[in-house]
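Worksheet: the structure to be examined is printed underneath.
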Amino acid sequence: MRKIPVLIFLAVVFSALLSAEEYTLGPDSQRQPNVPKGAVTKYSWTASKIYPGTTRDYWIYVPAQYKAEKPACVMIFQDGERMADEAGSFRVPIVFDNLIAKGDMPVTIGVFINPGVLPALSPAQRERYNRSFEYDALGDRYARFLTEEILPEVGKRYNLSKDPNDYSIAGESSGGIAAFNAAWNRPDVFHRVMSFIGSFTNLRGGQELATLIRKTEPKPLRVFLQDGSADQNNYAGNWFLGNQEIFSALQFAGYESTFTVGTEGHNGKHGGAILPEALRWLWKDYPTPIAKPAKVNERGVYTILEPGKEWEPLGEGFHVSADSATDKDGNVYFTDSPHNRIYKIDLEGKITVWKEDSGGAHGIIFGPDGRLYAGQHERKRIVAYTPDGKESIIAEGVQTHHLAITRNNELYFTEAPSHSVWFLDAHGNKRVVYSGINSPRSVRTSTDQSLLVVDEPQDKWVWSFQIQPDGSLLNGQPFYRLETADNIFDSDPDGMAFDTEGYLYVATELGVEVCDQTGRVMAIINQPQTKWLSNVFFGGPNMQWLYVTGEDKVYRRKIQRQGAVPWNPVKPPMPRL
């Protein structure tokens with residue numbers, strides 16, 4: 001197995017093209033005497049809710065060494081019939097038998113699954129083939145299919161481990177990107193990935209994975225890649241270059257990864273020949289857990305995160321809304337509108353009820369005057385609370401979930417039904433200052449309060465406006481371009497916060513996306529194992545704790561940046577253009 005540098009030099013390509021290598025199956029891919037033979041059983045799956053109406057065959061390999069009383073490791077293969085074929089290129093059951101017998105990999109149950117097919121209703125009609133839809137797509141749909149439907153079904157028959165360190169996933173071509181993408185989206189399930197001639201090209205947006213790998217907080221994955229210098233080059237891209245991009249990104253982000261290059265085209269000759277060695281590498285040092293990469297890059301996500309610090313759960317059981325608030329001491333407040341409460345998180349992370357009968361408050365923010373401002377959506381008004389909880393009405397006849405405030409106690413708020421951004425001056429006069437956003441949601445003033453930013457849930461853009469001396473908004477443009485799941489238009493942004501360097505933090509489906517001053521996503525902080533985030537904000541001593549809320553939970557983690565506060569605007573440094 002040859003491990004090549006991050007940058008693939010042209011000399012490697014040219015020499016490979018000039019002298020094609022011969023690849024043959026070694027002894028580990030052949031039946032050996034006295035090696036116990038595992039059993040392979042065929043099944044069908046026709047009850048998918050994630051891919052409704054589809055049918056597919058799958059095979060389960062059970063090694064002879066399997067004992068029901070001991071949880072087994074699991075390895076999933078896409079294009080299962082091809083991978084399980086003992087006369088094919090890969091011959092996985094034979095290789096498993098030989099390597100398990102030698103102790104080169106643990107006792108592992110193999111799951112070989114075909115892509116789905118939607119049967120035609122009559123002989124005159126053609127079936128719909130789901131392979132590209134399932135395999136080439138980004139997002140978590142296919143990972144959900146495996147984890148919510150297939151693995152539980154296999155688990156009814158066999159004792160499967162619950163440890164992600166015991167799970168591997170592999171595939172060839174589109175099955176290769178499917179394997180990586182499943183682990184990428186569900187690192188809580190899969191820690192080991194193997195891809196042969198992976199289709200990391202623009203069949204369905206796969207070329208974006210390399211960028212996401214570079215920007216996203218690393219995950220506990222070990223990744224094996226293989227490709228041939230003569231792989232295909234078509235309308236979707238160049239397969240060899242695509243694999244180089246993925247490997248370069250993995251190396252940049254510090255992942256334990258290797259890339260084996262051959263001279264073949266888009267076939268399994270090279271991959272089948274090196275499968276035994278690839279499996280040894282994938283399972284090396286087992287059962288030592290695969291850890292998150294610790295590599296720190298100058299401009300990567302670890303310029304923001306504190307190395308070694310993870311999300312800390314603070315509490316659960318709330319119906320958490322967006323637009324939490326932080327007081328001057330660093331205490332954090334968040335709303336639970338269905339339960340009609342406002343909660344407080346003190347500097348030690350203790351959560352207590354701060355206000356009962358909050359009027360269904362949603363958006364909240366502290367002003368320079370020390371009062372907590374809140375939008376009572378159902379009562380159609382904005383109120384302010386003194387530190388002892390006394391309530392006074394600031395404005396009526398408005399429906400808002402989200403507020404922003406200036407150092408002069410002037411408020412901006414959004415009203416989605418009217419597609420409007422409103423301005424409320426310190427004397428209680430209100431007016432619409434912008435109405436060109438379809439469904440404005442969260443709103444924030446920038447670090448120096450020169451700009452107002454507004455997001456909307458059906459978009460991947462965050463708007464930026466210049467605040468005029470009279471509170472008007474001018475020179476607006478969709479400035480911040482967020483990354484999206486599965487190359488879709490909607491990133492579902494919600495709460496936002498700025499740090500003192502002028503970076504914008506946005507709660508999205510992918511996690512906390514961090515944008516530099518010029519509007520580019522430069523880092524994505526992983527979600528703390530929650531399906532969606534409703535808000536992100538700073539608090540704690542020196543505003544160096546980053547908090548997120550999602551589903552019914554609240555988390556925090558220590559970072560290297562400091563949150564900006566509306567009562568002390570600062571001019572951020574010059575951006576790196």
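Heavy-atom basis, side chains included; hydrogens, waters and symmetry copies ignored.
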Closest approach of Leu424 to Ala395 (non-hydrogen atoms, all atoms of both residues) = CD2-CB, 3.9 Å
Pair Arg192, Asn165: side-chain N/O donor-acceptor within cut-off below 3.5 Å | yes
Under the salt bridge (charged side-chain N to carboxylate O under 4.0 Å, His left out) rule, collect the residues that match up with Glu501, sequence neighbours excluded.
-> Arg561
No-hydrogen, no-angle side-chain donor-acceptor test under 3.5 Å, Ser199 and Trp239 | yes
Can you check whether Leu305's main-chain N or O pairs, donor with acceptor, with Gln560's side chain at less than 3.5 Å?
-> yes
So does Lys292 pair up with Glu310, basic N to acidic O under 4.0 Å?
-> yes
Side chains of Arg341 and Tyr343: donor-acceptor distance under 3.5 Å anywhere?
-> yes
How about Lys309: does its NZ atom have over 12 heavy atoms from other parts shown lying under 6.0 Å from it?
-> no
Ion pair Lys430/Glu396, N-O distance below 4.0 Å | no
Does the Lys344 side chain pair with the main chain of Lys350, one donor and one acceptor, at a distance under 3.5 Å?
-> no
Heavy-atom closest pair, residues Ala253 and Pro293 | O-CB, 3.7 Å
Donor-acceptor contact below 3.5 Å, side chain Ser446 vs main chain Leu451 = yes
Taking Asn535 for the side chain and Thr549 for the main chain, is one N or O donor matched with an acceptor at less than 3.5 Å?
-> no
Heavy-atom pair of closest approach, residues Val506 and Pro493 | CG1-CB, 3.7 Å
Less than 4.5 Å apart, any side-chain heavy atom of Glu456 and any of Asn438?
-> yes
Are Thr518 and Arg576 close enough that a side-chain donor and a side-chain acceptor fall under 3.5 Å?
-> no
Is there side-chain contact between Val301 and Thr216, with heavy atoms separated by less than 4.5 Å?
-> no
Is a salt bridge present between Lys558 and Glu306, judged by a nitrogen-to-oxygen distance below 4.0 Å?
-> no
Taking every heavy atom of Val193 against every heavy atom of Ala183, the minimum-distance pair comes out as CG2-CB, 3.3 Å
Are Arg441 and Asp494 ion-paired here, with the side-chain N under 4.0 Å from a carboxylate O?
-> yes
May I ask you to decide if Asp285's main-chain N or O and Thr288's side chain share a donor-acceptor pair within less than 3.5 Å?
-> yes
With distance as the sole test, does Asp516 use its side chain to make a donor-acceptor pair with the main-chain N or O of Gly519 at under 3.5 Å?
-> yes
Phe538 pairs by ring-ring contact (aromatic ring centres under 6.0 Å, His included) with which of Tyr505, Tyr547, Trp545?
-> Tyr505
List for me each residue that meets salt bridge (charged side-chain N to carboxylate O under 4.0 Å, His left out) alongside Asp346, sequence neighbours excluded, and say none if there are none.
-> none
Where do Thr445 and Thr406 land on the side-chain hydrogen bond (donor to acceptor under 3.5 Å, both in side chains) test, with the steps shown first?
-> CA-CA 7 Å; Thr445 54; Thr406 72; over 6 Å; no
Starting from the C-alpha separation in whole Å, work towards a yes-or-no answer on side-chain contact (heavy atoms from CB on, under 4.5 Å) for Leu221 and Ile290.
-> CA-CA 7 Å; Leu221 301 177; Ile290 293 174; 5.7 Å; no
Please assess Thr500 against Gln562 for the test side-chain hydrogen bond (donor to acceptor under 3.5 Å, both in side chains), listing each intermediate value before the final yes or no.
-> CA-CA 6 Å; Thr500 54; Gln562 185 177 9; 4.5 Å; no
In this structure, NE2 of His402 is separated from CE of Met496 (nearest 0.5 Å) by 9.0 Å
Distance only, no hydrogens: is a donor on one side chain within 3.5 Å (strictly under) of an acceptor on the other, for Ser174 and Asp136?
-> yes
With no hydrogens and no angle check, do the side chains of Tyr142 and Asn181 hold a donor and an acceptor under 3.5 Å apart?
-> no
Under a 4.0 Å N-O cut-off, is there an ion pair linking Glu483 with Lys215?
-> yes
With the threshold set at 4.0 Å, does a side-chain nitrogen-carboxylate oxygen contact exist between Asp388 and Lys390?
-> no
Side-chain donor-acceptor pair present, Ser257, Gln251, cut-off under 3.5 Å = yes
Just by distance, do the side chain of Asn185 and the backbone of Gly139 share a donor-acceptor pair under 3.5 Å?
-> yes
Please work out which of the three classes, parallel, tilted or perpendicular, describes the rings of Tyr333 and Trp354, given edges at 30° and 60°.
-> perpendicular
Judged by atom type as modelled, is there a donor-acceptor pair below 3.5 Å linking the side chain of Thr508 to the main-chain atoms of Gly511?
-> yes
Is any side-chain heavy atom of Leu146 closer than 4.5 Å to a side-chain heavy atom of Arg144?
-> no
Give the C-alpha distance, both sets of side-chain angles, the deciding distance and a yes or no for side-chain contact (heavy atoms from CB on, under 4.5 Å) between Leu250 and Ile246.
-> CA-CA 6 Å; Leu250 290 168; Ile246 292 293; 3.9 Å; yes
Would you give the length of the straight line joining atom CD1 of Ile559 to atom CD of Gln544, rounded to the nearest 0.5 angstrom?
-> 7.5 Å
Test: Arg379 and Asp357 ion pair at under 4.0 Å | yes
Could you check if a side-chain atom of Tyr480 sits within less than 4.5 angstrom of a side-chain atom of Leu504, using non-hydrogen atoms only?
-> yes
Please report the shortest heavy-atom distance between Arg186 and Thr147, naming the atom on each side.
-> NH1-OG1, 3.3 Å
Ignoring hydrogens and angles, state whether a donor on the side chain of Ser420 or Glu415 is under 3.5 Å from an acceptor on the partner side chain.
-> no
Measure across Ala374 and Tyr385 and return the closest heavy-atom pair with its distance rounded to 0.1 Å.
-> CB-CE1, 3.9 Å
Determine yes or no for a side-chain-to-main-chain donor-acceptor pair under 3.5 angstrom, with Thr400 supplying the side chain and Thr414 the backbone.
-> yes
Check for a donor-acceptor pair, side chain of Asp552 on one end and backbone N or O of Gly317 on the other, with a separation under 3.5 Å.
-> yes
Can you find a heavy atom in the side chain of Phe498 that is under 4.5 Å from one in the side chain of Val453?
-> yes
Give, for atom CG of Leu282 and atom CD1 of Ile169, the distance between the pair rounded to the nearest 0.5 Å.
-> 11.5 Å
Could you tell me whether the side chain of Val223 reaches within less than 4.5 Å of the side chain of Phe247, counting heavy atoms only?
-> no
Distance-only polar pair, side chains of Asn243 and Asp227, donor-acceptor under 3.5 Å | yes
May I ask you to establish whether Arg557 and Trp311 are in a cation-pi arrangement, using a distance under 6.0 Å from NZ or CZ to the six-membered ring centre and at most 45° from the ring axis?
-> yes
Is NZ or CZ of Arg214 both nearer than 6.0 Å to the six-membered ring centre of Phe252 and within 45° of the ring axis?
-> yes
Atom pair OG1 (Thr484) and NZ (Lys460), whose distance is rounded to the nearest 0.5 Å | 5.5 Å
Would you please say whether a donor-acceptor pair under 3.5 Å links the side chains of Glu245 and Ser248?
-> no
Looking at side-chain heavy atoms only, is the closest gap between Leu138 and Leu209 below 4.5 Å?
-> yes
Gap separating the NZ atom of Lys355 from the CD atom of Glu391, nearest 0.5 angstrom = 6.0 Å
Do Phe334 and Ile351 come within less than 4.5 Å of each other through their side chains, counting heavy atoms only?
-> yes
Drop me the distance from Ile467's CD1 to Phe423's CZ, to the nearest 0.5 angstrom.
-> 8.5 Å
